[in-house]
Engineer: 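Attaching a single structure in structure tokens format; questions to follow.
What you see is a predicted model; the values in this text were computed from it and never measured. The figures here come from the full heavy-atom set of this structure, side chains too, leaving out hydrogens, waters and symmetry mates.
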Amino acid sequence: MELRITNEAKEQLRALNPDNRRYLRLYYDTEGCGCGVNGVPTLRWTDTRTDWDQGVDNEDFEVILHKQQAVFFEKRLRLENVNGKLRLSSPNGVLNPVIPGSEVMKGDSA
């Protein structure tokens, strides 16, 4: 799996990491969505990496993903800044059109 990040999105991600957390986690958030298969692909900064995490190819950040959540993401992903908001997409379409900065800064409960 690979994640390509545009220059504008890289700058935005750096600004959303004031605590200099080590990993950028691809995360499938199911909170409040009803069940474990209904959710929203998103990103979160974290210092936590578990044995269940796998690396995601990226030239700029250490990106990780929980192995069980990999089914919810495409093999090739793109993160870009669109009108000041982060957007996660793949060659097959948009996975999340708006990822709020507060979501990225939330951290995670790996």
Engineer: Evaluate the ring planes of W52 and H66, with Trp represented by its six-membered ring, and classify them as parallel (under 30°), tilted (30 to 60°) or perpendicular (over 60°).
Structural biologist: parallel
Engineer: Could you work out the complete set of other residues in the hydrophobic cluster of V82, with links drawn between I, L, V, M, F, W and Y side chains under 4.5 Å apart?
Structural biologist: none
Engineer: Please tell me whether L3 and Y23 are part of a single hydrophobic cluster in this structure, the criterion being side-chain heavy atoms less than 4.5 Å apart.
Structural biologist: no
Engineer: Is the shortest distance from a Lys or Arg side-chain nitrogen in K106 or E103 to a carboxylate oxygen in the other one below 4.0 Å?
Structural biologist: yes
Engineer: Would you call the rings of Y28 and F73 parallel, tilted or perpendicular, where under 30° means parallel and over 60° means perpendicular?
Structural biologist: perpendicular
Engineer: Is there a ring-ring contact (aromatic ring centres under 6.0 Å, His included) between F61 and W45? Walk through the geometry before answering.
Structural biologist: CA-CA 10 Å; F61 303 105; W45 283 113; 5.4 Å; yes
Engineer: Does anything in residues 81-91 form a side chain to side chain donor-acceptor pair (under 3.5 Å)? List the pairs, not counting sequence neighbours.
Structural biologist: Q12-N81
Engineer: Is it the case that E74 and N92 place a side-chain donor and acceptor less than 3.5 Å from each other?
Structural biologist: yes
Engineer: Crowded around R4 CZ? As in, over 12 foreign heavy atoms under 6.0 Å?
Structural biologist: yes
Engineer: Does L79 belong to the same Ile/Leu/Val/Met/Phe/Trp/Tyr cluster as L77, with side-chain heavy atoms less than 4.5 Å apart forming each link?
Structural biologist: yes
Engineer: Flag the pair E8 and K10 as a salt bridge only when some basic side-chain nitrogen lies within less than 4.0 angstrom of an acidic carboxylate oxygen.
Structural biologist: no
Engineer: Establish whether F72 and L43 are linked, either directly or via other cluster members, by ILVMFWY side-chain heavy-atom contacts under 4.5 Å.
Structural biologist: yes
